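Quick notes on the structure that follows.
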Amino acid sequence: MANNTDDVENNMAQREAAQAPEPTQKPQEASGTRLRSSGGSGAGGGVAEGGSRGNDSSPEQNGQAPTAHPQVVENEEDEDEEMTLKYGAKHVIMLFVPVTLCMVVVVATIKSVGFYTKNDGQRLIYTPFPEETDTVAQRAVNSILNATIMITVIIVMTLVLVLLYKYRCYKVIQGWLFLSSLLLLFFFSYIYLKEVFKTYNVAMDYFTLAIIVWNFGVVGMMCIHWKGPLRLQQAYLIMISALMALVFIKYLPEWTAWLILAVISVYDLLAVLCPKGPLRILVETAQERNEPIFPALIYSSTMVWLVNMADIERPNRNSAEVGLPQQNTHGEAVASPAPASPSPDDGGFTSTWINQQQHQLGPLQSTEETRREIQQMPSARPPVEDDDEERGVKLGLGDFIFYSMLVGKASATASEDWNTTLACFVAILIGLCLTLLLLAIFKKALPALPISIFFGLVFYFATDNLVRPFMDKLALHQFYV
Amino acid sequence: MNLERLPNEEKLGLCRKYYLCGFACLPFLWLVNVVWFFREAFRKPAYTEQTQMKTYVKRSALGLLFWFTVLTTWITIFQHFRAQWGAVGDYLSFTIPLGTP
(Lines give C-alpha, C1' and ligand atoms only; values in the text may rest on other atoms or scores of the structure.)
Protein backbone atom coordinates (compact mmCIF):
# COMPACT_ATOMS: atom_id res chain seq x y z
CA MET A 1 0.00 0.00 0.00
CA ALA A 2 1.22 3.26 -0.54
CA ASN A 3 0.94 3.98 2.96
CA ASN A 4 0.82 0.47 3.55
CA THR A 5 3.79 0.70 5.55
CA ASP A 6 1.68 1.46 8.39
CA ASP A 7 -0.66 -1.15 7.60
CA VAL A 8 1.98 -3.45 6.88
CA GLU A 9 3.47 -2.96 10.09
CA ASN A 10 0.30 -3.46 11.77
CA ASN A 11 -0.23 -6.48 9.89
CA MET A 12 3.10 -7.57 10.68
CA ALA A 13 2.56 -7.13 14.20
CA GLN A 14 -0.48 -9.09 14.01
CA ARG A 15 1.18 -11.53 12.02
CA GLU A 16 3.83 -11.82 14.41
CA ALA A 17 1.39 -12.43 16.99
CA ALA A 18 -0.43 -14.84 15.00
CA GLN A 19 2.50 -16.77 14.22
CA ALA A 20 2.70 -18.63 17.31
CA PRO A 21 5.18 -21.27 17.06
CA GLU A 22 3.99 -24.70 16.60
CA PRO A 23 3.65 -25.54 20.17
CA THR A 24 1.04 -23.16 21.08
CA GLN A 25 0.96 -24.64 24.45
CA LYS A 26 3.81 -22.47 25.25
CA PRO A 27 2.44 -19.05 25.06
CA GLN A 28 5.68 -17.33 25.44
CA GLU A 29 7.23 -19.19 22.70
CA ALA A 30 4.24 -18.73 20.66
CA SER A 31 4.38 -15.12 20.96
CA GLY A 32 7.91 -15.25 20.24
CA THR A 33 7.53 -17.02 17.12
CA ARG A 34 5.10 -14.77 15.80
CA LEU A 35 6.43 -13.66 12.75
CA ARG A 36 6.54 -10.17 12.67
CA SER A 37 6.66 -10.78 9.21
CA SER A 38 6.34 -8.35 7.01
CA GLY A 39 2.86 -7.88 7.51
CA GLY A 40 4.01 -4.55 8.00
CA SER A 41 5.84 -4.59 4.96
CA GLY A 42 2.70 -4.39 3.27
CA ALA A 43 3.12 -0.82 3.09
CA GLY A 44 5.02 -0.56 0.28
CA GLY A 45 3.33 -0.71 -2.77
CA GLY A 46 2.70 2.01 -4.94
CA VAL A 47 3.51 2.33 -8.40
CA ALA A 48 6.26 4.61 -8.68
CA GLU A 49 5.80 5.39 -12.18
CA GLY A 50 2.28 4.93 -12.88
CA GLY A 51 1.27 7.68 -10.71
CA SER A 52 2.45 10.43 -12.69
CA ARG A 53 -0.13 10.99 -15.13
CA GLY A 54 -0.16 14.54 -14.33
CA ASN A 55 1.96 16.76 -16.36
CA ASP A 56 3.83 17.94 -13.43
CA SER A 57 4.10 14.63 -11.93
CA SER A 58 5.54 13.00 -14.87
CA PRO A 59 8.72 14.82 -14.70
CA GLU A 60 8.92 14.13 -11.08
CA GLN A 61 8.16 10.61 -11.39
CA ASN A 62 10.39 9.83 -14.08
CA GLY A 63 12.91 11.21 -11.98
CA GLN A 64 14.96 14.04 -12.39
CA ALA A 65 16.10 12.97 -15.69
CA PRO A 66 13.62 14.69 -17.87
CA THR A 67 13.82 17.88 -16.03
CA ALA A 68 17.49 17.78 -15.94
CA HIS A 69 17.96 18.07 -19.58
CA PRO A 70 16.76 21.02 -21.48
CA GLN A 71 14.40 19.84 -24.08
CA VAL A 72 11.63 21.01 -26.20
CA VAL A 73 8.72 21.39 -23.94
CA GLU A 74 6.00 19.86 -26.01
CA ASN A 75 7.95 16.88 -27.00
CA GLU A 76 9.07 16.46 -23.48
CA GLU A 77 5.62 16.45 -22.22
CA ASP A 78 4.45 14.05 -24.78
CA GLU A 79 7.29 11.75 -24.11
CA ASP A 80 6.85 12.08 -20.45
CA GLU A 81 3.21 11.34 -20.75
CA GLU A 82 3.97 8.31 -22.73
CA MET A 83 6.71 7.21 -20.49
CA THR A 84 4.55 7.58 -17.50
CA LEU A 85 1.86 5.59 -19.06
CA LYS A 86 4.15 2.86 -20.06
CA TYR A 87 5.74 2.71 -16.74
CA GLY A 88 2.47 2.60 -15.04
CA ALA A 89 1.26 -0.47 -16.78
CA LYS A 90 4.59 -2.12 -16.51
CA HIS A 91 4.76 -1.52 -12.84
CA VAL A 92 1.37 -2.96 -12.29
CA ILE A 93 2.48 -6.08 -14.06
CA MET A 94 5.66 -6.06 -12.06
CA LEU A 95 3.62 -6.28 -8.94
CA PHE A 96 1.27 -8.89 -10.30
CA VAL A 97 4.00 -11.42 -10.76
CA PRO A 98 5.27 -11.59 -7.19
CA VAL A 99 1.79 -11.44 -5.70
CA THR A 100 0.70 -14.26 -7.98
CA LEU A 101 3.78 -16.30 -7.18
CA CYS A 102 3.23 -15.91 -3.49
CA MET A 103 -0.37 -16.98 -3.80
CA VAL A 104 0.55 -19.92 -5.98
CA VAL A 105 3.06 -21.12 -3.43
CA VAL A 106 0.56 -20.82 -0.62
CA VAL A 107 -2.26 -22.52 -2.48
CA ALA A 108 0.01 -25.30 -3.71
CA THR A 109 1.20 -25.95 -0.19
CA ILE A 110 -2.28 -25.90 1.24
CA LYS A 111 -3.51 -28.34 -1.32
CA SER A 112 -0.69 -30.78 -0.99
CA VAL A 113 0.62 -30.59 2.55
CA GLY A 114 -2.11 -31.52 4.94
CA PHE A 115 -0.37 -30.07 7.92
CA TYR A 116 -1.46 -26.55 7.26
CA THR A 117 -5.13 -27.31 7.15
CA LYS A 118 -5.20 -29.82 9.94
CA ASN A 119 -6.68 -28.56 13.11
CA ASP A 120 -4.35 -29.57 15.90
CA GLY A 121 -6.21 -27.71 18.50
CA GLN A 122 -3.34 -25.34 18.85
CA ARG A 123 -3.94 -21.71 18.73
CA LEU A 124 -1.88 -18.65 18.78
CA ILE A 125 -1.62 -16.87 22.01
CA TYR A 126 -3.34 -13.98 20.41
CA THR A 127 -6.47 -15.88 19.67
CA PRO A 128 -7.24 -17.64 22.89
CA PHE A 129 -10.91 -18.28 22.34
CA PRO A 130 -11.75 -21.54 20.68
CA GLU A 131 -14.13 -21.78 17.82
CA GLU A 132 -15.36 -25.27 18.45
CA THR A 133 -18.24 -24.18 20.57
CA ASP A 134 -21.70 -25.51 20.96
CA THR A 135 -23.68 -22.67 19.61
CA VAL A 136 -23.23 -20.42 16.66
CA ALA A 137 -23.67 -17.38 18.83
CA GLN A 138 -20.86 -18.47 21.09
CA ARG A 139 -18.64 -19.02 18.13
CA ALA A 140 -19.42 -15.59 16.76
CA VAL A 141 -18.64 -13.99 20.08
CA ASN A 142 -15.40 -15.87 20.38
CA SER A 143 -14.23 -14.91 16.95
CA ILE A 144 -15.07 -11.28 17.55
CA LEU A 145 -13.08 -11.38 20.76
CA ASN A 146 -10.16 -13.01 19.03
CA ALA A 147 -10.17 -10.44 16.28
CA THR A 148 -10.35 -7.65 18.83
CA ILE A 149 -7.36 -8.99 20.69
CA MET A 150 -5.36 -9.30 17.51
CA ILE A 151 -6.15 -5.85 16.29
CA THR A 152 -5.33 -4.41 19.67
CA VAL A 153 -1.99 -6.13 19.63
CA ILE A 154 -1.30 -4.79 16.21
CA ILE A 155 -2.28 -1.29 17.13
CA VAL A 156 -0.09 -1.39 20.19
CA MET A 157 2.78 -2.73 18.17
CA THR A 158 2.42 -0.01 15.65
CA LEU A 159 2.37 2.62 18.31
CA VAL A 160 5.45 1.19 19.96
CA LEU A 161 7.12 1.23 16.62
CA VAL A 162 6.23 4.83 16.03
CA LEU A 163 7.49 5.73 19.47
CA LEU A 164 10.71 3.89 18.93
CA TYR A 165 11.20 5.65 15.72
CA LYS A 166 10.36 9.01 17.17
CA TYR A 167 12.86 8.60 19.93
CA ARG A 168 15.47 7.33 17.58
CA CYS A 169 15.91 3.87 18.98
CA TYR A 170 17.09 2.62 15.66
CA LYS A 171 19.19 -0.15 17.03
CA VAL A 172 16.25 -1.66 18.75
CA ILE A 173 14.26 -1.60 15.59
CA GLN A 174 17.00 -3.09 13.53
CA GLY A 175 17.69 -5.79 16.04
CA TRP A 176 14.07 -6.63 16.14
CA LEU A 177 13.84 -6.93 12.42
CA PHE A 178 16.94 -9.01 12.36
CA LEU A 179 15.56 -11.44 14.89
CA SER A 180 12.29 -11.63 13.09
CA SER A 181 13.78 -12.56 9.81
CA LEU A 182 16.06 -15.00 11.56
CA LEU A 183 13.12 -16.76 13.07
CA LEU A 184 11.26 -16.77 9.83
CA LEU A 185 14.09 -17.98 7.68
CA PHE A 186 15.30 -20.73 9.93
CA PHE A 187 12.55 -22.01 12.14
CA PHE A 188 9.58 -21.74 9.86
CA SER A 189 11.35 -23.02 6.83
CA TYR A 190 12.55 -25.97 8.91
CA ILE A 191 8.99 -26.79 9.83
CA TYR A 192 7.86 -26.31 6.27
CA LEU A 193 10.51 -28.69 4.97
CA LYS A 194 9.62 -31.24 7.59
CA GLU A 195 6.00 -31.21 6.58
CA VAL A 196 6.76 -31.36 2.89
CA PHE A 197 9.04 -34.35 3.40
CA LYS A 198 6.44 -36.07 5.48
CA THR A 199 3.80 -35.48 2.87
CA TYR A 200 5.88 -36.94 0.09
CA ASN A 201 7.16 -39.75 2.26
CA VAL A 202 10.78 -38.96 1.65
CA ALA A 203 13.53 -39.96 4.01
CA MET A 204 15.86 -37.20 4.96
CA ASP A 205 18.82 -37.27 7.22
CA TYR A 206 19.85 -34.62 9.65
CA PHE A 207 23.06 -33.79 7.93
CA THR A 208 21.54 -32.91 4.59
CA LEU A 209 18.71 -31.12 6.28
CA ALA A 210 21.11 -29.04 8.33
CA ILE A 211 23.02 -28.08 5.23
CA ILE A 212 19.84 -27.10 3.40
CA VAL A 213 18.34 -25.04 6.18
CA TRP A 214 21.65 -23.41 7.03
CA ASN A 215 22.27 -22.40 3.42
CA PHE A 216 18.75 -21.20 2.86
CA GLY A 217 18.75 -19.17 6.04
CA VAL A 218 22.16 -17.56 5.76
CA VAL A 219 21.85 -16.64 2.11
CA GLY A 220 18.39 -15.29 2.86
CA MET A 221 19.66 -13.12 5.66
CA MET A 222 22.42 -11.83 3.45
CA CYS A 223 20.13 -11.03 0.58
CA ILE A 224 17.52 -9.42 2.69
CA HIS A 225 19.60 -7.44 5.10
CA TRP A 226 22.73 -6.83 3.23
CA LYS A 227 23.49 -7.05 -0.43
CA GLY A 228 22.45 -9.66 -2.86
CA PRO A 229 21.12 -10.14 -6.33
CA LEU A 230 17.79 -8.47 -6.81
CA ARG A 231 15.98 -11.51 -8.12
CA LEU A 232 17.15 -13.62 -5.24
CA GLN A 233 16.06 -10.99 -2.77
CA GLN A 234 12.65 -10.80 -4.34
CA ALA A 235 12.40 -14.57 -4.29
CA TYR A 236 13.27 -14.66 -0.61
CA LEU A 237 10.74 -12.00 0.21
CA ILE A 238 8.08 -13.95 -1.61
CA MET A 239 9.05 -17.12 0.22
CA ILE A 240 8.94 -15.59 3.64
CA SER A 241 5.65 -13.94 2.90
CA ALA A 242 4.29 -17.31 1.87
CA LEU A 243 5.64 -18.93 5.04
CA MET A 244 4.03 -16.28 7.16
CA ALA A 245 0.73 -16.60 5.39
CA LEU A 246 0.83 -20.36 5.90
CA VAL A 247 1.37 -19.95 9.59
CA PHE A 248 -1.55 -17.60 9.76
CA ILE A 249 -3.74 -19.96 7.85
CA LYS A 250 -2.86 -22.80 10.13
CA TYR A 251 -3.24 -21.08 13.42
CA LEU A 252 -6.18 -18.81 12.95
CA PRO A 253 -9.57 -20.42 13.25
CA GLU A 254 -11.98 -19.73 10.45
CA TRP A 255 -14.28 -17.01 11.52
CA THR A 256 -11.47 -15.28 13.33
CA ALA A 257 -9.40 -15.24 10.17
CA TRP A 258 -12.08 -13.63 8.07
CA LEU A 259 -12.86 -11.11 10.74
CA ILE A 260 -9.23 -10.25 11.16
CA LEU A 261 -8.84 -9.68 7.44
CA ALA A 262 -11.75 -7.31 7.41
CA VAL A 263 -10.66 -5.46 10.52
CA ILE A 264 -7.08 -5.15 9.33
CA SER A 265 -8.21 -3.59 6.11
CA VAL A 266 -10.20 -1.03 7.96
CA TYR A 267 -7.31 -0.37 10.28
CA ASP A 268 -4.95 -0.04 7.37
CA LEU A 269 -7.20 2.51 5.83
CA LEU A 270 -7.40 4.50 9.03
CA ALA A 271 -3.78 4.24 9.97
CA VAL A 272 -2.53 5.39 6.65
CA LEU A 273 -4.98 8.06 5.73
CA CYS A 274 -6.02 9.69 8.96
CA PRO A 275 -3.91 12.60 10.03
CA LYS A 276 -3.27 11.04 13.37
CA GLY A 277 -2.72 7.58 12.07
CA PRO A 278 0.47 5.99 13.36
CA LEU A 279 1.75 5.08 9.96
CA ARG A 280 1.21 8.51 8.68
CA ILE A 281 3.01 9.96 11.65
CA LEU A 282 5.87 7.64 10.96
CA VAL A 283 6.10 8.70 7.40
CA GLU A 284 5.94 12.32 8.25
CA THR A 285 8.54 12.00 10.96
CA ALA A 286 10.88 10.32 8.58
CA GLN A 287 10.29 13.01 6.10
CA GLU A 288 10.92 15.74 8.57
CA ARG A 289 14.13 14.21 9.61
CA ASN A 290 15.07 13.66 6.07
CA GLU A 291 16.59 10.40 6.92
CA PRO A 292 16.29 7.00 5.50
CA ILE A 293 13.92 4.68 7.12
CA PHE A 294 15.02 1.20 7.76
CA PRO A 295 14.31 -0.67 4.72
CA ALA A 296 11.66 -2.72 6.01
CA LEU A 297 9.70 -5.37 4.64
CA ILE A 298 9.08 -3.92 1.37
CA TYR A 299 9.15 -5.69 -1.85
CA SER A 300 10.70 -3.68 -4.57
CA SER A 301 10.27 -4.72 -8.10
CA THR A 302 13.37 -3.18 -9.48
CA MET A 303 16.36 -1.62 -8.16
CA VAL A 304 16.06 1.96 -8.50
CA TRP A 305 19.05 3.98 -8.44
CA LEU A 306 18.37 6.77 -6.19
CA VAL A 307 17.59 9.99 -7.63
CA ASN A 308 17.40 12.25 -4.79
CA MET A 309 14.91 14.87 -4.78
CA ALA A 310 16.00 17.93 -3.18
CA ASP A 311 12.77 18.78 -1.61
CA ILE A 312 11.13 15.81 -0.25
CA GLU A 313 12.58 12.95 1.47
CA ARG A 314 9.93 10.50 1.49
CA PRO A 315 10.04 7.73 3.77
CA ASN A 316 9.97 4.78 1.72
CA ARG A 317 8.37 2.91 4.04
CA ASN A 318 5.95 0.54 3.58
CA SER A 319 3.50 2.96 2.58
CA ALA A 320 2.93 2.65 -0.92
CA GLU A 321 5.01 5.46 -1.67
CA VAL A 322 5.05 4.17 -4.97
CA GLY A 323 2.34 6.35 -6.03
CA LEU A 324 4.00 9.49 -5.33
CA PRO A 325 6.07 10.93 -7.94
CA GLN A 326 8.14 12.84 -5.60
CA GLN A 327 8.37 9.93 -3.54
CA ASN A 328 9.52 8.04 -6.34
CA THR A 329 12.47 10.06 -6.62
CA HIS A 330 13.17 9.78 -3.07
CA GLY A 331 11.63 6.57 -2.86
CA GLU A 332 13.66 5.34 -5.53
CA ALA A 333 16.42 5.53 -3.38
CA VAL A 334 14.45 3.81 -0.91
CA ALA A 335 12.86 1.35 -3.00
CA SER A 336 15.78 -0.11 -4.52
CA PRO A 337 18.27 -1.70 -2.44
CA ALA A 338 20.71 0.23 -4.35
CA PRO A 339 24.12 0.48 -3.11
CA ALA A 340 23.37 4.01 -2.45
CA SER A 341 22.22 5.07 0.84
CA PRO A 342 19.36 3.17 2.15
CA SER A 343 16.11 4.60 1.50
CA PRO A 344 14.80 5.60 4.64
CA ASP A 345 11.32 5.39 3.69
CA ASP A 346 10.56 1.90 3.26
CA GLY A 347 12.42 0.17 5.74
CA GLY A 348 12.12 2.37 8.58
CA PHE A 349 8.55 2.31 8.98
CA THR A 350 7.95 -1.23 8.88
CA SER A 351 10.84 -2.01 10.98
CA THR A 352 9.65 -0.04 13.81
CA TRP A 353 6.32 -1.39 13.45
CA ILE A 354 7.57 -4.78 13.43
CA ASN A 355 9.83 -4.17 16.19
CA GLN A 356 7.03 -3.07 18.23
CA GLN A 357 5.19 -6.03 17.42
CA GLN A 358 8.03 -8.11 18.32
CA HIS A 359 8.17 -6.58 21.63
CA GLN A 360 4.62 -7.10 22.15
CA LEU A 361 4.58 -10.50 20.94
CA GLY A 362 7.36 -11.85 22.82
CA PRO A 363 10.99 -12.37 22.92
CA LEU A 364 11.19 -14.21 19.71
CA GLN A 365 11.13 -13.37 16.27
CA SER A 366 10.62 -10.48 14.37
CA THR A 367 10.64 -11.64 11.04
CA GLU A 368 8.90 -8.73 9.81
CA GLU A 369 11.45 -6.53 11.00
CA THR A 370 14.11 -8.35 9.41
CA ARG A 371 12.37 -8.05 6.30
CA ARG A 372 12.26 -4.49 6.63
CA GLU A 373 15.86 -4.44 7.07
CA ILE A 374 16.21 -5.99 3.81
CA GLN A 375 15.51 -3.06 1.83
CA GLN A 376 18.12 -1.27 3.61
CA MET A 377 19.31 1.37 1.45
CA PRO A 378 22.57 2.91 1.97
CA SER A 379 22.28 6.14 3.70
CA ALA A 380 24.63 8.08 1.65
CA ARG A 381 23.01 8.50 -1.57
CA PRO A 382 25.02 9.84 -4.33
CA PRO A 383 23.96 13.18 -5.57
CA VAL A 384 21.14 13.30 -7.91
CA GLU A 385 21.75 11.09 -10.78
CA ASP A 386 19.75 11.23 -13.75
CA ASP A 387 18.75 7.87 -14.21
CA ASP A 388 16.01 6.85 -16.30
CA GLU A 389 16.04 3.48 -14.85
CA GLU A 390 12.71 2.27 -14.05
CA ARG A 391 11.46 3.07 -10.75
CA GLY A 392 10.64 0.11 -8.82
CA VAL A 393 7.25 -0.38 -7.51
CA LYS A 394 7.12 -1.16 -3.90
CA LEU A 395 4.61 -3.12 -2.02
CA GLY A 396 4.79 -3.94 1.62
CA LEU A 397 5.31 -7.50 2.62
CA GLY A 398 2.35 -7.35 4.88
CA ASP A 399 0.18 -6.92 1.88
CA PHE A 400 1.65 -10.02 0.32
CA ILE A 401 0.97 -11.95 3.45
CA PHE A 402 -2.63 -10.96 3.77
CA TYR A 403 -3.43 -11.47 0.13
CA SER A 404 -1.95 -14.93 0.23
CA MET A 405 -3.70 -15.65 3.47
CA LEU A 406 -7.03 -14.79 1.95
CA VAL A 407 -6.50 -16.96 -1.09
CA GLY A 408 -5.05 -19.76 0.97
CA LYS A 409 -7.95 -19.76 3.38
CA ALA A 410 -10.32 -19.73 0.44
CA SER A 411 -8.68 -22.76 -1.08
CA ALA A 412 -8.49 -24.55 2.23
CA THR A 413 -12.02 -24.12 3.38
CA ALA A 414 -14.17 -23.48 0.38
CA SER A 415 -16.45 -26.25 -0.61
CA GLU A 416 -16.11 -25.60 -4.28
CA ASP A 417 -12.42 -25.84 -4.66
CA TRP A 418 -10.99 -24.07 -7.59
CA ASN A 419 -13.79 -21.73 -8.48
CA THR A 420 -13.64 -19.94 -5.20
CA THR A 421 -9.87 -19.84 -5.14
CA LEU A 422 -9.70 -18.41 -8.62
CA ALA A 423 -12.42 -15.91 -7.90
CA CYS A 424 -10.55 -14.64 -4.85
CA PHE A 425 -7.34 -14.51 -6.79
CA VAL A 426 -8.90 -12.42 -9.54
CA ALA A 427 -10.57 -10.20 -6.99
CA ILE A 428 -7.30 -9.47 -5.28
CA LEU A 429 -5.56 -8.64 -8.52
CA ILE A 430 -8.36 -6.32 -9.50
CA GLY A 431 -8.09 -4.65 -6.14
CA LEU A 432 -4.37 -4.28 -6.58
CA CYS A 433 -4.87 -2.69 -9.97
CA LEU A 434 -7.32 -0.22 -8.57
CA THR A 435 -5.04 0.59 -5.70
CA LEU A 436 -2.16 1.27 -8.03
CA LEU A 437 -4.38 3.40 -10.17
CA LEU A 438 -5.38 5.42 -7.15
CA LEU A 439 -1.77 5.66 -6.24
CA ALA A 440 -1.03 7.10 -9.62
CA ILE A 441 -3.78 9.60 -9.25
CA PHE A 442 -3.22 10.71 -5.70
CA LYS A 443 0.50 10.32 -5.60
CA LYS A 444 0.79 9.59 -1.98
CA ALA A 445 1.05 6.60 0.19
CA LEU A 446 -2.05 4.56 0.12
CA PRO A 447 -3.13 1.45 1.92
CA ALA A 448 -2.99 -1.54 -0.35
CA LEU A 449 -5.11 -3.82 1.73
CA PRO A 450 -8.61 -2.41 1.85
CA ILE A 451 -9.74 -2.59 -1.74
CA SER A 452 -8.25 -5.98 -2.49
CA ILE A 453 -9.34 -7.57 0.74
CA PHE A 454 -12.80 -6.17 0.40
CA PHE A 455 -13.16 -7.52 -3.10
CA GLY A 456 -11.63 -10.79 -2.04
CA LEU A 457 -14.02 -11.25 0.83
CA VAL A 458 -17.02 -10.33 -1.25
CA PHE A 459 -16.00 -12.71 -3.99
CA TYR A 460 -15.25 -15.48 -1.55
CA PHE A 461 -18.56 -15.39 0.22
CA ALA A 462 -20.53 -14.77 -2.93
CA THR A 463 -18.88 -17.58 -4.84
CA ASP A 464 -19.06 -19.99 -2.01
CA ASN A 465 -22.67 -19.40 -1.20
CA LEU A 466 -24.24 -18.34 -4.44
CA VAL A 467 -22.25 -19.45 -7.40
CA ARG A 468 -21.39 -22.91 -6.18
CA PRO A 469 -24.91 -24.18 -5.58
CA PHE A 470 -25.90 -22.64 -8.87
CA MET A 471 -23.13 -24.46 -10.73
CA ASP A 472 -23.94 -27.68 -8.95
CA LYS A 473 -27.54 -27.46 -9.92
CA LEU A 474 -26.61 -26.74 -13.51
CA ALA A 475 -24.23 -29.67 -13.65
CA LEU A 476 -26.79 -31.89 -12.03
CA HIS A 477 -29.34 -31.12 -14.65
CA GLN A 478 -26.78 -31.07 -17.44
CA PHE A 479 -27.84 -27.62 -18.36
CA TYR A 480 -25.14 -25.64 -20.04
CA VAL A 481 -25.23 -21.92 -20.07
CA MET B 1 21.19 -4.74 -5.86
CA ASN B 2 22.22 -3.72 -9.24
CA LEU B 3 25.78 -4.46 -10.08
CA GLU B 4 25.77 -1.99 -12.88
CA ARG B 5 25.75 0.87 -10.52
CA LEU B 6 28.56 -0.20 -8.37
CA PRO B 7 32.11 0.95 -8.86
CA ASN B 8 34.53 -1.79 -9.70
CA GLU B 9 36.25 -1.93 -6.37
CA GLU B 10 32.98 -2.47 -4.65
CA LYS B 11 32.10 -5.23 -7.03
CA LEU B 12 35.37 -6.92 -6.28
CA GLY B 13 34.83 -6.47 -2.59
CA LEU B 14 31.42 -8.01 -2.81
CA CYS B 15 32.67 -10.93 -4.85
CA ARG B 16 35.43 -11.48 -2.35
CA LYS B 17 33.11 -11.39 0.63
CA TYR B 18 30.78 -13.86 -0.98
CA TYR B 19 33.70 -16.13 -1.73
CA LEU B 20 35.07 -16.00 1.78
CA CYS B 21 31.74 -16.46 3.50
CA GLY B 22 31.10 -19.52 1.41
CA PHE B 23 33.68 -21.40 3.43
CA ALA B 24 31.22 -21.61 6.28
CA CYS B 25 29.58 -24.65 4.70
CA LEU B 26 27.63 -22.48 2.31
CA PRO B 27 27.78 -23.93 -1.19
CA PHE B 28 24.62 -22.04 -2.01
CA LEU B 29 26.47 -18.82 -1.44
CA TRP B 30 29.14 -19.94 -3.84
CA LEU B 31 26.49 -20.75 -6.37
CA VAL B 32 25.05 -17.27 -6.01
CA ASN B 33 28.54 -15.87 -6.36
CA VAL B 34 29.20 -17.77 -9.57
CA VAL B 35 25.89 -16.95 -11.17
CA TRP B 36 25.85 -13.34 -10.18
CA PHE B 37 29.40 -12.42 -11.03
CA PHE B 38 29.81 -14.64 -14.03
CA ARG B 39 28.93 -11.98 -16.52
CA GLU B 40 30.97 -9.41 -14.70
CA ALA B 41 34.05 -11.54 -14.58
CA PHE B 42 34.00 -13.24 -17.92
CA ARG B 43 31.82 -11.41 -20.33
CA LYS B 44 32.64 -7.82 -19.70
CA PRO B 45 35.57 -6.06 -21.30
CA ALA B 46 38.58 -6.20 -19.09
CA TYR B 47 39.16 -3.85 -16.24
CA THR B 48 41.67 -3.84 -13.47
CA GLU B 49 39.77 -5.75 -10.88
CA GLN B 50 38.52 -8.33 -13.23
CA THR B 51 41.42 -10.77 -12.93
CA GLN B 52 40.94 -10.98 -9.20
CA MET B 53 37.25 -11.45 -9.70
CA LYS B 54 37.90 -14.28 -12.12
CA THR B 55 39.92 -16.18 -9.55
CA TYR B 56 37.19 -15.76 -7.00
CA VAL B 57 34.51 -16.96 -9.33
CA LYS B 58 36.59 -19.91 -10.45
CA ARG B 59 37.36 -20.94 -6.90
CA SER B 60 33.74 -20.57 -5.92
CA ALA B 61 32.82 -22.84 -8.78
CA LEU B 62 35.38 -25.39 -7.62
CA GLY B 63 34.11 -25.29 -4.09
CA LEU B 64 30.58 -25.67 -5.37
CA LEU B 65 31.56 -28.70 -7.38
CA PHE B 66 33.24 -30.23 -4.38
CA TRP B 67 30.21 -29.74 -2.18
CA PHE B 68 27.92 -31.01 -4.89
CA THR B 69 29.81 -34.27 -5.22
CA VAL B 70 30.04 -34.75 -1.47
CA LEU B 71 26.35 -34.14 -0.96
CA THR B 72 25.28 -36.28 -3.88
CA THR B 73 27.43 -39.15 -2.69
CA TRP B 74 26.18 -38.90 0.84
CA ILE B 75 22.54 -38.66 -0.19
CA THR B 76 22.86 -41.64 -2.49
CA ILE B 77 24.51 -43.72 0.20
CA PHE B 78 21.99 -42.69 2.78
CA GLN B 79 18.91 -43.34 0.67
CA HIS B 80 20.21 -46.67 -0.48
CA PHE B 81 21.43 -48.07 2.79
CA ARG B 82 19.14 -46.42 5.27
CA ALA B 83 16.91 -49.38 5.76
CA GLN B 84 19.83 -51.73 6.15
CA TRP B 85 21.46 -49.68 8.79
CA GLY B 86 18.67 -50.31 11.20
CA ALA B 87 18.95 -48.29 14.33
CA VAL B 88 21.72 -46.07 13.07
CA GLY B 89 19.67 -45.25 10.00
CA ASP B 90 16.73 -44.24 12.11
CA TYR B 91 18.89 -42.16 14.33
CA LEU B 92 20.22 -40.28 11.35
CA SER B 93 16.83 -39.78 9.81
CA PHE B 94 14.92 -36.62 10.11
CA THR B 95 11.80 -38.02 8.52
CA ILE B 96 11.16 -41.67 8.16
CA PRO B 97 8.92 -42.76 5.33
CA LEU B 98 5.98 -44.89 6.16
CA GLY B 99 5.36 -48.26 4.71
CA THR B 100 8.59 -49.12 3.03
CA PRO B 101 11.20 -51.07 4.95
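Every chain is numbered from 1, with letters handed out A, B, ... down the list of sequences. What you see is a predicted model; the values in this text were computed from it and never measured.
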- Among B:Trp36, B:Tyr18, B:Trp67, who wins on heavy-atom pairs under 4.5 Å with chain A? B:Trp36
- May I ask you to decide if the ring planes of B:Tyr19 and B:Tyr56 are parallel, tilted or perpendicular, using 30° and 60° as cut-offs? tilted
- Task: If the plane angle is over 60° it's perpendicular, under 30° parallel, otherwise tilted; pick one for B:Trp74 and A:Phe207.
- Result: perpendicular
- Between A:Ser241 and A:Tyr299, does a side chain to side chain donor-acceptor pair (under 3.5 Å) hold up when you go through it step by step? CA-CA 10 Å; A:Ser241 301; A:Tyr299 175 93; over 6 Å; no
- Measuring heavy-atom distances to chain A, does B:Leu71 have an atom under 4.5 Å in its side chain, in its backbone, in both, or in neither? side chain
- Below 4.5 Å from any heavy atom of chain A, which atoms of B:Leu14 appear? Answer side chain, backbone, both or neither. side chain
- Note on the structure: Scored by heavy-atom pairs under 4.5 Å with chain B, the best of A:Val219, A:Val202, A:Ile212, A:Val218 is A:Val219
- Message: Consider side chain to side chain contact (heavy atoms under 4.5 Å, CB included). Of B:Thr69, B:Ile75, B:Thr76, which one does B:Thr72 pass it with?
- Response: B:Thr76
